[in-house]
Protein chains: 2
Amino acid sequence: MKKHDQDFMKRQNRLTVFEIIKSQQPISRAAIAKQTGMSPTTVSRIVAELTEEGYLLETEQVSAGLGRKSTLLAMVDAAVLSVGVELDRHRIHIGIVDIQGNVVAKTDYARATDESVNATLERIGAEIDRLTKSNEIDCGRLIGIGVGLPGIVDNEKGVVVFSVQLGWKNVALAEKLKAITGYEVAIDNELKVKALAEHLKGAAIGSSRTAMLGFGNGVGSALIVDGEIDRGKTNSAGEIGHTTIDPNGMMCDCGKAGCLQTYINIHSLLSEANKIRPVRTIEELFEARRAGERWAVYLVDRALMYMAITINNVVCMHNPDTVIMSGELTDKFPEIYEEVAELCIKRFVWEPLRGTFAIRPSELSGQGVVIGSGLMSQNCFFALE
Amino acid sequence: MKKHDQDFMKRQNRLTVFEIIKSQQPISRAAIAKQTGMSPTTVSRIVAELTEEGYLLETEQVSAGLGRKSTLLAMVDAAVLSVGVELDRHRIHIGIVDIQGNVVAKTDYARATDESVNATLERIGAEIDRLTKSNEIDCGRLIGIGVGLPGIVDNEKGVVVFSVQLGWKNVALAEKLKAITGYEVAIDNELKVKALAEHLKGAAIGSSRTAMLGFGNGVGSALIVDGEIDRGKTNSAGEIGHTTIDPNGMMCDCGKAGCLQTYINIHSLLSEANKIRPVRTIEELFEARRAGERWAVYLVDRALMYMAITINNVVCMHNPDTVIMSGELTDKFPEIYEEVAELCIKRFVWEPLRGTFAIRPSELSGQGVVIGSGLMSQNCFFALE
DNA sequence: TCCATTATTTTCACCAATGAATTAAATAAT
DNA sequence: ATTATTTAATTCATTGGTGAAAATAATGGA
């Protein structure tokens with residue numbers, strides 16, 4: 001429970017006006033007043049402030065029937081910029097993201113899997129520097145850096161608690177990167193920020209409850225409730241890779257039997273396939289399936305079935321209005337989306353829940369993490385300031 | 001996004017002070033000021049108001065070391081009363097609940113399973129009337145009625161969307177009961193209010209993320225996040241009875257194969273048992289298991305295993321700090337609690353999640369719904385007023 | 001032209017919260 | 001016992017955001 005003083009009240013109202021303009025622009029002062037219940041006085045004052053500070057712009061005048069025309073307001077997209085970083089084992093993507101989630105500049109490069117934390121961060125710092133300079137970014141408008149990475153991440157403390165993929169444990173990433181770059185740094189799990197990106201700019205715009213599923217190397221889920229990332233008590237919400245799907249099933253790397261990820265994971269699929277025939281890539285496996293080879297059909301069909309089951313189980317627990325499928329599997333083989341969605345609804349979803357949600361493919365796959373982490377860091381900024 | 005004006009600010013601060021006193025009483029004005037960051041002036045004014053209105057009481061003076069003694073403040077428990085109703089197929093429990101969740105008066109009676117909605121509500125109204133009169137309850141302090149029942153319930157609209165157990169569909173329960181009694185009525189799913197009760201007064205006090213599991217006739221879960229019931233987009237969050245646990249498994253009543261509830265449900269267990277030997281009650285089944293009869297051991301062990309799996313899966317998705325086991329099965333056979341909890345942690349929980357949560361048996365089983373629904377209706381009151 | 005209508009700005013009063021100063025009541029030091 | 005110190009609570013004046021009403025602006029229609 002927070003103290004509510006005049007200052008807090010003002011900041012909240014500013015934020016409200018700001019968010020409305022951001023999402024409904026162009027919009028008039030009067031419309032904002034009507035929608036929020038604030039007095040026109042207040043809206044005008046806040047708008048004047050925000051304009052003064054360079055966040056807003058009056059665009060055209062429009063007549064809404066009778067009476068004086070309204071003056072429409074719009075965001076100055078470049079008024080707030082942030083950096084979004086996708087930090088993966090093999091590759092790093094960096095982008096400059098504006099207030100609307102547009103990527104105004106970007107770069108990416110390979111990362112050596114054995115590179116140290118410090119070396120990785122130094123390089124990121126240098127690349128951000130290069131990127132801002134070569135694109136003549138107004139660094140005065142750059143308010144922070146967001147980083148999305150695989151693993152359990154403590155957003156509040158800015159610490160990577162545990163990342164199997166990166167091999168990191170209790171790394172004070174935000175602090176270190178801030179020391180290097182000078183910017184505020186917000187970090188989070190990559191699937192969670194990706195979900196945020198889809199909610200703000202992708203396939204889940206307007207959704208008040210978005211469940212994101214990631215099928216790739218590992219299985220994960222993330223939930224956005226009323227625009228907020230649901231992180232769980234210890235930042236592990238959505239770690240569904242180790243939900244038990246078959247207590248008598250295959251052994252998982254984690255030492256338990258029947259973990260979900262054992263049946264969907266690209267890595268697992270390949271190692272299962274290799275018991276039958278040498279298969280190097282997931283593409284080969286899907287090719288063999290298309291060719292109708294029994295073992296490939298079996299393996300992939302089973303994976304798709306478990307994907308459908310996962311969607312159903314997530315829906316039962318979370319009751320979302322939108323489910324987004326994403327990850328390496330759906331990126332590489334977009335045709336499976338329809339198959340899984342149909343299978344899920346026809347075979348697994350309980351009748352009363354049918355029609356309460358939509359299943360959609362990710363729309364930002366390539367840039368989701370960059371956009372999401374960039375926007376997340378902007379949220380942190382506005383929450384504080 | 002809500003409008004923040006002075007009035008809102010005042011109500012929020014009042015609420016903050018109120019909640020702190022409720023949960024930390026007896027406490028001094030100074031301590032509240034320190035904790036909230038409000039000025040002593042503000043706290044004093046709010047306390048004066050609340051005292052004036054009869055909600056608070058100065059108790060004793062206590063010296064906290066040096067300086068002037070603090071005057072401790074406490075709630076007047078009977079200042080706010082509400083009615084909690086547990087509405088089940090066969091039986092109805094009614095209680096008068098004070099602000100601390102104490103049941104100050106109660107009654108219960110059988111309900112004919114074919115009784116109409118109106119007859120059921122008329123009877124509830126009459127019983128509430130009788131209860132308040134015979135216990136000399138100050139009806140001026142009675143601010144509302146809360147009802148907990150099985151099924152999908154739209155709390156906001158006050159409508160029972162769908163209840164298999166009661167055979168109701170789209171019943172405007174809150175409206176009807178308000179028309180009969182004159183009191184404000186808040187309704188919700190029984191497991192959800194039970195979770196709220198455990199959070200406020202039972203096994204999950206102090207938890208910021210409580211997952212409640214109900215194992216009985218049907219399987220369900222409920223989640224309390226920061227003291228708020230998580231209802232989902234269409235009030236179906238936690239409907240885990242129809243999560244798919246074995247795609248090639250037994251048929252469920254719902255027409256799908258391998259639903260979780262098919263393996264845990266008391267009804268299912270009995271019908272499975274009866275394929276082998278006539279068994280009338282769940283007690284007989286457990287008795288047979290204790291006697292070491294193979295088929296009974298198999299059926300019950302399988303149910304317990306799926307209960308353990310359910311806990312694991314809920315933990316993976318929600319990442320709670322506390323998991324509460326409740327329901328007819330754990331009420332009747334409390335010994336299974338240890339067995340399930342141990343099995344869950346040893347066999348199913350992923351290493352990084354171990355130690356992040358506690359599994360506890362419900363502490364309010366008999367009165368959870370009455371207390372929870374009563375307290376829920378009080379929350380609604382304070383949120384509005 | 002004048003009037004009704006709607007949008008925006010200006011002026012001003014209101015009031016919740018705050019901070020400084022004060023009063024109250026205790027303990028510690030002398 | 002007396003004084004200094006510490007903490008609690010109250011009193012009073014100030015601050016600042018908001019809302020209400022009036023003023024101003026701009027438009028379409030009679």
Side-chain angles (χ1 to χ4, degrees), chain A residues 1-18 20-21 24-53 56-74 385, chain B residues 1-18 20-21 24-53 56-74 385:
Chain A
M1 257 162 293
K2 232 189 125 18
K3 172 177 89 166
H4 285 241
D5 58 6
Q6 249 180 348
D7 195 57
F8 178 76
M9 175 166 83
K10 183 181 178 181
R11 281 211 315 280
Q12 286 296 315
N13 283 338
R14 260 177 70 108
L15 190 62
T16 302
V17 170
F18 195 86
I20 286 179
I21 296 176
Q24 298 175 40
Q25 69 170 323
I27 188 174
S28 72
R29 293 167 177 83
I32 298 170
K34 207 165 290 167
Q35 190 175 142
T36 58
M38 291 177 205
S39 68
T41 320
T42 305
V43 175
S44 272
R45 188 188 46 70
I46 293 174
V47 165
E49 259 184 48
L50 292 172
T51 309
E52 172 73 23
E53 291 163 26
L56 296 185
L57 204 55
E58 294 191 339
T59 57
E60 78 225 278
Q61 314 253 99
V62 183
S63 162
L66 228 54
R68 176 177 172 177
K69 281 182 182 170
S70 356
T71 312
L72 297 186
L73 303 163
E385 186 256 351
Chain B
M1 256 163 294
K2 231 189 125 18
K3 171 176 91 167
H4 285 241
D5 59 7
Q6 250 179 351
D7 194 58
F8 177 77
M9 175 166 83
K10 185 180 177 181
R11 281 212 315 281
Q12 286 297 314
N13 284 337
R14 260 176 70 110
L15 189 62
T16 301
V17 170
F18 195 85
I20 286 178
I21 297 175
Q24 299 175 39
Q25 68 170 324
I27 187 173
S28 71
R29 293 168 176 82
I32 297 170
K34 208 165 289 167
Q35 191 176 141
T36 58
M38 291 176 205
S39 69
T41 319
T42 305
V43 174
S44 274
R45 190 189 49 70
I46 293 174
V47 165
E49 257 184 50
L50 292 172
T51 309
E52 172 73 24
E53 291 163 25
L56 297 185
L57 204 55
E58 293 193 340
T59 56
E60 78 224 282
Q61 315 253 97
V62 175
S63 161
L66 229 52
R68 176 178 173 177
K69 279 182 183 172
S70 6
T71 311
L72 297 186
L73 303 162
E385 185 257 353

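Predicted model, so just to flag it, every value in this text is computed and none were measured. Letters go in sequence order (proteins before strands), and every chain restarts at 1.
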Would you kindly give the CG-to-P distance between Asp7(B) and dC14(C), to the nearest whole Å? 16 Å
Around Glu60(B), counting heavy atoms of other residues, nucleotides and ligands shown, do more than 12 lie under 6.0 Å from its CD? yes
Quick note, Gln6(B) side chain, CB onward, closest among dA17(C), dA8(D), dG16(D) is dG16(D)
Nearest to the Arg29(A) side chain among dG16(D), dT9(C), dT18(C), which nucleotide is it? dT9(C)
Please report the distance, rounded to the nearest Å, between CG in Leu72(B) and C1' in dA25(C). 15 Å
Please state how far atom CD in Glu49(A) lies from atom C1' in dG17(D), giving the value in whole angstrom units. 10 Å
Side chain proximity check, Met38(A) to Arg29(A), heavy atoms < 4.5 angstrom: no
For Asn13(A), answer base if it contacts any base atom (sugar-phosphate contacts may also be present), sugar-phosphate if it contacts only those atoms, and nothing otherwise; contact means non-hydrogen atoms under 4.0 Å. sugar-phosphate
Indicate whether OP1 or OP2 belonging to dT18(C) is found under 4.0 Å from a side-chain N or O atom of Thr42(B). yes
Thr36(B) and Thr16(B): which non-hydrogen atoms are nearest, and at how many Å? CG2-CG2, 3.9 Å
Using the closest heavy atom to pick a nucleotide of DNA chain C for each, name whichever of Asp5(A) or Pro40(A) lands nearer the 5' end. Pro40(A)
Would you mind reading off the distance between Glu52(A) atom CD and dT9(C) atom C1', rounded to a whole angstrom? 16 Å
Does the side chain of Arg14(A) reach to within under 4.5 Å of the side chain of Leu50(A), using non-hydrogen atoms? yes
Looking only at dA16(C), dA26(C), dA9(D), the nucleotide nearest the Ser44(B) side chain is dA9(D)
Starting at NE2 of His4(B) and ending at C1' of dA17(C), how long is that distance when rounded to a whole Å? 16 Å
Considering all heavy atoms of both residues, which atom of His4(B) and which atom of Asn13(A) are nearest to each other, and what is their separation? O-ND2, 2.8 Å
Closest non-hydrogen contact found for Pro26(A) with Thr59(A) is CB-OG1, 4.3 Å
Tell me which nucleotide, if any, is Watson-Crick or G-U wobble paired with dT30(C) when both distances must be under 3.5 Å. dA1(D)
Could you check how far CZ of Arg45(B) sits from P of dG19(C), rounded to whole Å? 15 Å
Ignoring hydrogens and angles, are the base of dA8(D) and the side chain of Arg68(B) linked by a donor-acceptor pair under 3.5 Å? yes
Whole-Å gap separating C1' (dA9(D)) and CD1 (Ile46(B)): 15 Å
Nearest to the side chain of Met9(B), heavy atoms from C-beta on, is which of dA16(C), dT18(C), dG19(D)? dA16(C)
Mind calculating the distance between CD1 (Ile27(B)) and P (dA8(D)) to the nearest angstrom? 11 Å
Under 4.0 Å: is that the gap between some side-chain N or O of Lys34(B) and OP1 or OP2 of dT7(D)? no
Donor-acceptor pair (no angle test) under 3.5 Å: Thr41(A) side chain, dA20(D) base: yes
Considering just the side-chain nitrogens and oxygens of Lys69(B), establish if one lies under 4.0 Å of OP1 or OP2 belonging to dA25(C). no
With respect to the side chain of Ser28(B), which nucleotide from dG19(D), dG17(D), dA9(D) is positioned closest? dA9(D)
